[in-house]
Amino acid sequence: MTPEAVPLGGPRFQTEPARLYREMRRDHGAVTPVVLDGDVPAWLVVGYRELHQVTGDPVLFSRDSDLWNQWDMIPDDWPLLPMIGRKQPSILYTVGERHRERAGMISDALEAVDPFELRGHAERFADELIDGLCTSGEADLIGQYAMLLPVRVLARLYGFSDEEGPGLVTALNDMIDGRERAIAGQTHLATSMAQLLADRKADPADDVVSRMLQDKSGFTDEEMMNDLMVMMAAGHQPTADWIGNSLRLMLTDDRFAASLFGGRNSVAEAMNEVLWEDTPSQNIAGRWASRDTQLGGRRIRAGDLLILGLQGANSDPQVRTDASALTGGNNAHFSFGHGEHRCPFPAQEVAEVIARTGIEVVLDRLPDIDLAVPADSLTRRPSPWLRGLTALPVRFTPVPAR
């Protein structure tokens, strides 16, 4: 890797990512050399056209992490192993026909979710959470709301009982935080998934896990358990950040002020704007080059790691010629990925229903909501990967619980 490589980390990913990506594009072009924790080299693809090329060619740019030419340099305690791990029995690292069969199983199981039932679950859990904070006149809509809602809904869809929901919320958030309780959270989630699989084998029901078990493609329990954990994590945190980032935009941007006072059309517009300007999944690892190649004027060696710069590509001036203009419903962003490893369409629809319902319940129940702190004091989690707020303090006129 060249000495000009940019560290993929640091406070600028929190405070000024748009300017940082502009500088990367100016100084390095569409494919930027970066270094990860421990001076591990990689490439960050921030060009829209180049990212389309990488995600659209799963043979040249493979999801098979065994190809990585840096494994000999990676210690067992490398902090990014949960993000860029060795091959595991989940859909994330499966390639070729087996991946297509696996993605089909998951898509079919999610596509059968009744949209009215989904919205009903989302409204019920959202109302419960608002009931817990609406009488106080102030709240943190991240810690008390957005970080608690998606996993409760997903747990219900998968087949968990409502009583198991709070424990899954704690376990998943502990795992995502990556601190001292991360391993315990992961263990709780794995144990819970394994138990649910055993229960649904013995007593099938109308839920996602039962439908996955009906698939005749011959997946093992371990494969299904890993896929369910991936689905839960991928469905929860980005959706929670989608809720938080959209509410922040609506509370701080004059373009959306009217929607806070009775309008609802702007909710979908704000959510789409977030996917372009402030996407929860900012950078994703990764793809590995299966042979030497050229990309964006760079020479990529066989086994090199490429990080998918979703936010960088979304802000590519060749695509966003006027970044101040509303996107007007244009959904050609990369926030759900692209190609055969993109987020399955039914999963996107589930996330959108949960996020939109969560936002609308806040605006319906707390009609005079406003920020409780200056907008420029809001802070982001210290991550170049997932972009979300640490807190969203608001105030409002207290209202009775339902």
Please determine whether the number of non-hydrogen atoms from other residues, nucleotides or ligands lying under 6.0 Å from atom [atom1] of [X] exceeds 12.
{"X": "E352", "atom1": "CD", "value": "no"}
{"X": "R49", "atom1": "CZ", "value": "no"}
{"X": "E340", "atom1": "CD", "value": "yes"}
{"X": "D206", "atom1": "CG", "value": "no"}
{"X": "R301", "atom1": "CZ", "value": "no"}
{"X": "R299", "atom1": "CZ", "value": "no"}

Regarding [X] and [Y], does a basic nitrogen lie under 4.0 Å from an acidic carboxylate oxygen?
{"X": "R381", "Y": "D241", "answer": "yes"}
{"X": "D253", "Y": "R248", "answer": "no"}
{"X": "R402", "Y": "E128", "answer": "no"}
{"X": "R298", "Y": "D304", "answer": "no"}
{"X": "R124", "Y": "D162", "answer": "yes"}
{"X": "D368", "Y": "R395", "answer": "no"}

[atom2] on [Y] to [atom1] on [X], rounded to 0.5 Å:
{"X": "L67", "Y": "S290", "atom1": "CG", "atom2": "OG", "result": "7.0 Å"}
{"X": "L275", "Y": "H333", "atom1": "CG", "atom2": "NE2", "result": "4.5 Å"}
{"X": "L149", "Y": "F125", "atom1": "CG", "atom2": "CZ", "result": "9.0 Å"}
{"X": "R287", "Y": "S62", "atom1": "CZ", "atom2": "OG", "result": "8.5 Å"}
{"X": "L363", "Y": "S266", "atom1": "CG", "atom2": "OG", "result": "10.5 Å"}
{"X": "F396", "Y": "L133", "atom1": "CZ", "atom2": "CG", "result": "5.5 Å"}

Using a 3.5 Å distance criterion without hydrogens, assess whether the side chain of [X] forms a donor-acceptor pair with backbone atoms of [Y].
{"X": "R152", "Y": "V169", "result": "no"}
{"X": "Q144", "Y": "D140", "result": "yes"}
{"X": "Y158", "Y": "L196", "result": "no"}
{"X": "H338", "Y": "T55", "result": "no"}

- Task: Identify the residue among D227, D108, D215 that makes a salt bridge (charged side-chain N to carboxylate O under 4.0 Å, His left out) with R102.
- Result: D227

- Message: Quick one, E360 with T357, criterion side chain to side chain donor-acceptor pair (under 3.5 Å). Give me CA distance, side-chain angles, the key distance, then yes/no.
- Response: CA-CA 5 Å; E360 290 180 346; T357 303; 5.4 Å; no

- Message: Here's a test for you: under side-chain contact (heavy atoms from CB on, under 4.5 Å), which of V399, L366, D364 qualifies with I130?
- Response: L366

- Task: Would you check, one step at a time, whether the test side chain to side chain contact (heavy atoms under 4.5 Å, CB included) holds for L44 with L8?
- Result: CA-CA 9 Å; L44 179 66; L8 193 70; 4.1 Å; yes

- Message: Is the ring pair W68/W78 parallel, tilted or perpendicular, if the boundaries are 30 and 60 degrees?
- Response: tilted

- Query: Which pair of non-hydrogen atoms, one from A194 and one from M225, has the smallest distance, and what is that distance?
  - Reply: CB-SD, 3.8 Å

- Note on the structure: Heavy-atom nearest pair, I300 first then A289, reads CG2-CB, 3.8 Å

A side-chain contact here means heavy atoms from C-beta on lying under 4.5 Å apart; do [X] and [Y] qualify?
{"X": "V46", "Y": "D316", "answer": "no"}
{"X": "V113", "Y": "P346", "answer": "no"}
{"X": "W43", "Y": "V34", "answer": "no"}
{"X": "L228", "Y": "M232", "answer": "no"}
{"X": "Q237", "Y": "L172", "answer": "no"}
{"X": "L310", "Y": "S281", "answer": "yes"}

- Could you give me the CA-CA distance, side-chain angles and deciding distance for Q53 and D57, then say whether side chain to side chain donor-acceptor pair (under 3.5 Å) is met? CA-CA 6 Å; Q53 181 179 346; D57 190 341; over 6 Å; no

- Residues I84, L36; criterion side chain to side chain contact (heavy atoms under 4.5 Å, CB included); working and verdict: CA-CA 11 Å; I84 313 172; L36 309 176; 3.7 Å; yes

- Under 6.0 Å between ring centres, would you say that holds for F334 and Y48? yes

- Query: Just by distance, with hydrogens left out, do T390 and T379 show a side-chain donor and acceptor under 3.5 Å apart?
  - Reply: yes

- Item | Within residues 8-20 or reaching into it, pairs that qualify as salt bridge (Lys or Arg N to Asp or Glu O under 4.0 Å) - sequence neighbours excluded | R12-E16, R12-E23, E16-R19

